[in-house]
Amino acid sequence: MVESSVPVVVPGGTGGVDDDLLEGLNPPQREAVTYRGPALLIVAGAGSGKTRVLTHRIASLLRRREAWPSQILAITFTNKAAGEMRERVGQLVGESARGMWISTFHSACVRILRREAENFGFTSSFTIYDSGDSRALIKRLVKDREAERFGLSPAGVQGRISRLKNELTDAAAFARQANLSDPAERLFSELFGDYERALQRANAFDFDDLIAQTVYLFRAFPAVADAYRKRFRHILVDEYQDTNAAQYALIHELTRPVVGAAEAYSSGGMMIFEPEHAPELEGASLTVVGDSDQSIYAFRGADIRNISEFERDFPGARVVLLEQNYRSTQNILSAANAVIGHNFDRKAKNLWTDSGAGERIVGYTGYSQHDEAQFVADEIEAIHRSGVDYSQVAVFYRTNAQSRALEEILIRAAVPYKIMGGTKFYERAEIKDALAYLTAVANPADEMALRRIVNKPKRGIGDVSIETISRFAADRGITFREALGHAGDLGVGPKLQTAITHLHGVLGAASEIMLPATGEVAPPTAVADGLSLLLGRSGYLDALRMSRDPQDEARVENLDEFVAVAREFARNNPDGTVIDFLAEVALVSDADDLDDASGSVSLMTLHTAKGLEYDAVFITGVEEDLLPHRISAGEPGGPAEERRLFYVGVTRARKRLYLSLAMTRAQFGEIASAVPSRFLQEIPADLVDWRQSPADLVRQAPPRFGGGSGSRGGFRNDTPALLPKSTSLDRFANKVPAKVRDNGDMELAAGDRIRHDDFGEGRVDAVTGEGAKRIAHVRFDSGAAKKLLVKIAPIEKI
DNA sequence: CGCCCCGGGATTTTT
DNA sequence: TCCCGGGGCG
């Protein structure tokens, strides 16, 4: 694409088989594809084509027969990224892409643990607790020990355990070094132990365990580890800046040389190198790709040092720097460079492009978050009319709560949008219930799952009865599930006995469908069929259908969709069991189904935005205390991480970038004034075209100014942080009515005149759409053209 | 046991 | 503002 005339020396190149893989790559990219050695660090700036480099590197290894597909392990952070990589490698090398492991850390570890579980006290049918499951469990444990009186909250305990696990500290190790004379410490230590034991009893792992236990496994059973070391000769890790200590340790274990000719270890039918007199085998070749400027997950244990000290960890490592950006305009890159340059203690890196300056960045300051949202909506409409597809537009924000105001306005402006992330499908209560039903069948040891569904729908089995069952099970040394089969011995009333027996029967029937006797193979439809049976015969669906809560209708639809997911799973995994299905569901994230946003504007948090790109990007709420977020201010490295987050957002934009903020923002139902983010001042002023700058508003606003209520910084050179007191701005704030009106029956046709609460009078040009989605195209007397959703727009006919 | 009302608390990001 | 949990009552 550029500099194609520069001759490139391919190290060790024989030419031929992979020439096309180097076509269109710049020199550093080519080196990243062709370098061969024990360790390679590719420092890939935003938009520098790292996925291309990574896929071409894998393809090159395969085409030159330097590796079999089965010798390649490529780790990504999301399943979506893994899928994309598999597909792109597939396009380059065809069928042989099939034998590779391209997956997330978590999925790869699940695969390993399933094979080896029997070696260390678990069974291979273990289930996976997501953070909600583990929170529920910890909550119960905290309650049992009355730990709240010592200031231990479930959330705090959960977070701390997670951090410890990510540092490979288990409960025993913690107890050894903890100050147990402090009662709170002692209690926490006990809770940690409780939690570990509860998981083990439930035959379950939480997210953090998946990594940590794999590391423990490798360390405790060197022969097992050697088998994987011999198998994986090329290990590639994407987003290396986001790895935590446990993941780092895992990579280290896998890339260790195999010492001595240990006898071959064969596990689960895995094909391994010939065992005969294996000589010492050097460690696998490791390639990591990352950008420390895009490290935004320190809060969950990612350690930026993993990448910044890579060369120290792997002496002799080659480092390749990719700085040429193929995504954004120079203006956008200059802004990004300037902002990130304010982080000290980083390796200098300068993104550049040869594609021209492009348009200036647009800034806008709203009076309120709704004013800001209106700007976003208007601007989206304007660029849409100029030919930009909605799917090429994204709106980012720091916190999920900010999406509400944007949604309200986008709905009214009839801009199609989709929220990425947010309340995830698999976190909806009804889906979690369905999952708990499946888990209750698949992993009878999991008492948490049974507790969750034992009274859903309502069967009259309350806390008291649950404890009765639990104690009964504990006394007899049987599982909770088995206890349900002894309803008559529980000492509960006849009504409850019937209910419990019925539930037990339903679970049993589902087990027969989904878990056939050993030797038999369940049909592919087993999971979906079993799920339907559970939801139907348990009365769960009926209860929702009988309800008059309109939300329950949506819940039924969600469950229908979930059954469809199970059928889809069967199509893709004909041999997949319930266990496999549950694992897959547990490990998919909201970031994984980002692409079904066709024809819609994408709304998401800045974190979710990582790895994506759009023609036009709006970053909203660029205010102090929001971006950077207030909570980060006190944390070491917090503000720097927030800056990286902002940097990630900026570098998502290809052609247009909008930065917006509001002078007032409703928080906890109160209206607070806001101060422009320091990040705005870090952008050279000539790059930004302020449609309405903060200074404009300060000048225009009514004269009762106050100080910036403890907020720091001023804005630009001329205006100190003068802020109107919130009382003087009341008339601007929250003009959107809280209650949605319903004009569903309003008759409207081209030619009608209407009055809009905000926009005044205008004439209807056309009405399109049907029913609740009827849209009026209105030209207002002010000259503005708007699309309005008739059903809810604040309009009346005149 | 379940429902309802009340008050308090909380609000970052997620494999 | 909204969500959750606790407590009281039917």
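Just so we're clear, the structure is a prediction, and the values are computed from it rather than from any experiment. Just so it is clear: chains get the letters A, B, ... in the order the sequence lines come, proteins before strands, and each one is counted from 1.
The CD atom of A/Glu467 sits 11 Å away from the P atom of B/dC1 (whole-angstrom rounding). Rounded to whole Å, the distance from CE on A/Met604 to C1' on B/dT14 is 15 Å. Between the NZ atom of A/Lys610 and the P atom of B/dT15 there is a distance of 11 Å, rounded to whole Å. Whole-Å rounding puts the A/Glu623 CD to B/dT12 P distance at 16 Å. Atom OH of A/Tyr297 and atom P of B/dT14 are 6 Å apart (whole Å).
Distance alone, capped at 3.5 Å, is enough to place a donor-acceptor pair between the A/Thr501 side chain and the A/Gln497 backbone.
Using a 4.0 Å cut-off, no side-chain N or O of A/Thr608 falls inside it from OP1 or OP2 of B/dT13. Here A/Lys139 reaches the OP1 or OP2 of C/dG5: one of its side-chain N or O atoms lies under 4.0 Å away. Side-chain nitrogen and oxygen atoms of A/Ser465 include at least one within less than 4.0 Å of the OP1 or OP2 phosphate oxygen of B/dC1. Not one side-chain nitrogen or oxygen of A/Asn400 sits closer than 4.0 Å to the OP1 or OP2 atom of B/dT12.
Residue A/Asn455 places its side chain closer to B/dG2 than to any other of B/dT12, B/dG2, B/dT15. In this structure, the nucleotide among B/dT14, B/dT12, B/dT15 sitting nearest to the side chain of A/Thr104 is B/dT15. Relative to the side chain of A/Thr605, the nucleotides B/dC1, C/dC2, B/dT14 differ in distance, and B/dT14 lies closest. Between B/dC1, B/dC3, B/dT14, one nucleotide has an atom nearer to the side chain of A/Lys458 than all others, and that is B/dC3.
With both ends at atom C1', the span from C/dG5 to B/dT12 equals 23 Å, rounded to whole Å.
The residue among A/Val464 and A/His607 whose nearest nucleotide of DNA chain B lies closer to the 5′ end is A/Val464. When each of A/Arg459 and A/Gln247 is assigned the nucleotide of DNA chain B with its nearest heavy atom, A/Arg459 is the one assigned upstream, toward the 5' end.
Residue-level contact check: A/Phe207 touches the bases, meaning some heavy atom is under 4.0 Å from a base atom. As judged by a 4.0 angstrom heavy-atom cut-off over every strand, A/Ile461 is placed among residues touching the sugar-phosphate backbone only. A/Phe105 comes within contact range of no nucleotide atom at all, as no heavy-atom separation falls under 4.0 Å. Residue contacts shown for A/His629 are limited to sugar-phosphate atoms, with no base heavy atom under 4.0 Å away. As judged by a 4.0 angstrom heavy-atom cut-off over every strand, A/Arg404 is placed among residues touching the sugar-phosphate backbone only.
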| What's the verdict on ring-ring contact (aromatic ring centres under 6.0 Å, His included) for A/Tyr297 and A/His607, showing C-alpha distance, side-chain angles and the deciding distance? | CA-CA 9 Å; A/Tyr297 286 113; A/His607 282 88; 5.4 Å; yes

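In this pair, A/Tyr240 and A/Phe310 present their aromatic rings perpendicular. The plane angle is above 60°, beyond the 30 to 60° band. Between A/Phe218 and A/Tyr228, the ring-plane angle classifies as tilted under the 30° and 60° cut-offs.
Between A/Lys165 and A/Asp209 there is a salt bridge, since at least one side-chain N of the basic residue sits less than 4.0 Å from a carboxylate O of the acidic one.
A salt bridge (Lys or Arg N to Asp or Glu O under 4.0 Å) with A/Asp133 holds for exactly one of A/Lys139, A/Arg451, A/Lys432, A/Arg140; it is A/Lys432.
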